[in-house]
Amino acid sequence: MPLLEIKNLKLEFGTGKDAVRAVDDVSFTINAGETVCLVGESGCGKSVTALSIARLVPMPPARYPGGQILLNGRDVLQMDKTELRAIRGGVVSYIFQEPSASLNPVFRIGNQIKESLKLHRPQVATDDEVIRLLKLVGIPAPESRIKDYPHQMSGGMQQRVMIAMALASEPKLLIADEPTTALDVTIQAQILELLKELKVRLGMSILLITHNLGIVGDIADRVAVMYAGQIVELAPARELLRRPLHPYTQALMNSVPKLGREQQRLEAIPGNVPNLGHFPSGCRFHPRCPKAQSDCSQKAPELVEVEPGRFVRCPYWK
């Protein structure tokens, strides 16, 4: 049984005629010890999907008109507040974007990590355990840094503190939402390498959310590509990077700069991601798609398994 199984998830904001669907019929799984990357442009629904796993999207204005989120076989959408409090941090932990905005500027980092320990592992909520966690994520001289305030640390060190806080509860699933945003390239590589090491050492699963296909090959086992609230391609990472099938995935790959290729300009995807509530009829990518046919604006394609383990939402993928 998968650790996480999302089935036909639908998420709307608002009610009645004014409701807009941000996540539409999304399905994927994450197995124990597996890393899955959720990829797509800003506004495609990646973060909202991830927040839904622990029901962190405020209700209202959000509501779930359909679907299931099965965590260890139990539907998160049917849990009461007590059950949700137990899985938040205890089973699923998050690393959010912009660590400087997520850390409380008026509390020392040691106290912020200890707060997570007190909630989920009160028997080890000590300075020694905080120091162990800081060592685990590669922060030098943790005995002295435990007393630092967030502003006394670099962006990379702040992100490591966020990872330590997420690991304090010993989660089975770590959700990292754009964990390398606003970090320079060298620090990005260090954070990704750290996540890979921790996954193996602690035996946890990872859901990594990113818009950068350039980092996917270094960390992912499988990749789900999202566009306008839907998954348009789902495949093993190596196969997807070697041979993307959906026109949107191909366009994303073409926009990544490649070593050894002389280019005056990077290729760009024409147009913009459609706004919520104003999706085009038929295939949502067809106004921007170079392979669009006459019927693409009429019929909405299904996500179909076209090869073993490979799913594509396009009848003209060949």
Side-chain angles (χ1 to χ4, degrees), residues 35 47 50-51 53-54 56-58 84-210 212 215 218-219:
T35 298
S47 295
L51 290 171
I53 292 171
L56 293 178
V57 184
L84 287 173
R85 193 177 298 116
I87 69 162
R88 290 169 178 168
V91 181
V92 182
S93 279
Y94 287 81
I95 305 169
F96 297 107
Q97 297 183 48
E98 300 290 352
S100 59
S102 299
L103 292 168
N104 193 316
V106 300
F107 288 101
R108 301 179 192 272
I109 63 161
N111 290 335
Q112 296 190 54
I113 297 173
K114 196 178 293 184
E115 183 179 6
S116 181
L117 288 169
K118 288 177 180 177
L119 285 172
H120 299 285
R121 294 196 293 145
Q123 69 278 10
V124 293
T126 63
D127 285 350
D128 288 343
E129 179 64 9
V130 174
I131 290 170
R132 186 189 73 83
L133 288 167
L134 292 177
K135 285 182 179 177
L136 186 66
V137 298
I139 290 182
E143 296 83 0
S144 60
R145 301 310 295 268
I146 191 176
K147 299 179 181 179
D148 284 356
Y149 290 95
H151 73 271
Q152 295 176 281
M153 311 186 86
S154 67
M157 288 295 106
Q158 289 178 358
Q159 193 62 284
R160 290 173 186 266
V161 170
M162 289 297 299
I163 296 172
M165 290 176 65
L167 298 179
S169 58
E170 297 184 342
K172 291 182 171 57
L173 174 62
L174 179 67
I175 299 177
D177 189 353
E178 302 276 10
T180 58
T181 296
L183 301 178
D184 64 55
V185 175
T186 304
I187 303 301
Q188 284 184 23
Q190 292 176 4
I191 295 298
L192 291 174
E193 192 61 33
L194 174 62
L195 290 176
K196 287 165 59 179
E197 292 174 3
L198 291 173
K199 184 190 87 164
V200 174
R201 187 183 304 182
L202 303 177
M204 63 184 179
S205 304
I206 295 177
L207 175 61
L208 177 67
I209 299 162
T210 182
N212 183 3
I215 69 175
D218 293 331
I219 192 169

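Keep in mind that this is a model prediction, so the values were computed, not measured.
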task: Could you go through the salt bridge (charged side-chain N to carboxylate O under 4.0 Å, His left out) check for K196 and E193 one step at a time?
output: CA-CA 5 Å; K196 287 165 59 179; E193 192 61 33; 3.5 Å; yes
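Atom CG of L136 and atom CG of L202 lie 6.0 Å apart (nearest 0.5 Å).
R160 places no side-chain N or O within donor-acceptor distance of the main-chain N or O of I139, the cut-off being under 3.5 Å. Checking side-chain atoms of R145 against main-chain N and O of P140 turns up no donor-acceptor pair under 3.5 Å.
Residues L51 and D177 form no side-chain contact, since every pair of their non-hydrogen atoms from C-beta on lies 4.5 Å or further apart. At a threshold of 4.5 Å between non-hydrogen side-chain atoms, the residues T35 and L195 do not count as touching. Put simply, the side chain of Q159 does not reach to within 4.5 Å of the side chain of S102, judged on heavy atoms. The side-chain heavy atoms of L134 and I113, taken from C-beta on, include a pair separated by under 4.5 Å. In this structure the side chain of R121 reaches within 4.5 angstrom of the side chain of Q123, judged on heavy atoms.
Taking R88 as the reference, nothing meets the salt bridge (charged side-chain N to carboxylate O under 4.0 Å, His left out) condition, with sequence neighbours excluded. Here D218 pairs with nothing under the salt bridge (charged side-chain N to carboxylate O under 4.0 Å, His left out) rule; sequence neighbours left out. Under the side chain to side chain donor-acceptor pair (under 3.5 Å) criterion, S169 pairs with S93, sequence neighbours left out. A search for salt bridge (charged side-chain N to carboxylate O under 4.0 Å, His left out) contacts involving E143 returns K135, not counting sequence neighbours. Partners of R108 under the salt bridge (charged side-chain N to carboxylate O under 4.0 Å, His left out) rule, at least two apart in sequence or in another chain, do not exist in this structure.
Under a cut-off of 6.0 angstrom, the local environment of NZ in K114 is crowded, with over 12 non-hydrogen atoms contributed by other residues, nucleotides or ligands. Other residues, nucleotides and ligands place no more than 12 heavy atoms under 6.0 Å from the CD atom of E115.
Pairs of residues two or more places apart, or lying in two chains, that qualify as ring pair (Phe, Tyr, Trp, His ring centres under 6.0 Å) and include a residue from residues 96-142 are Y94-F96.
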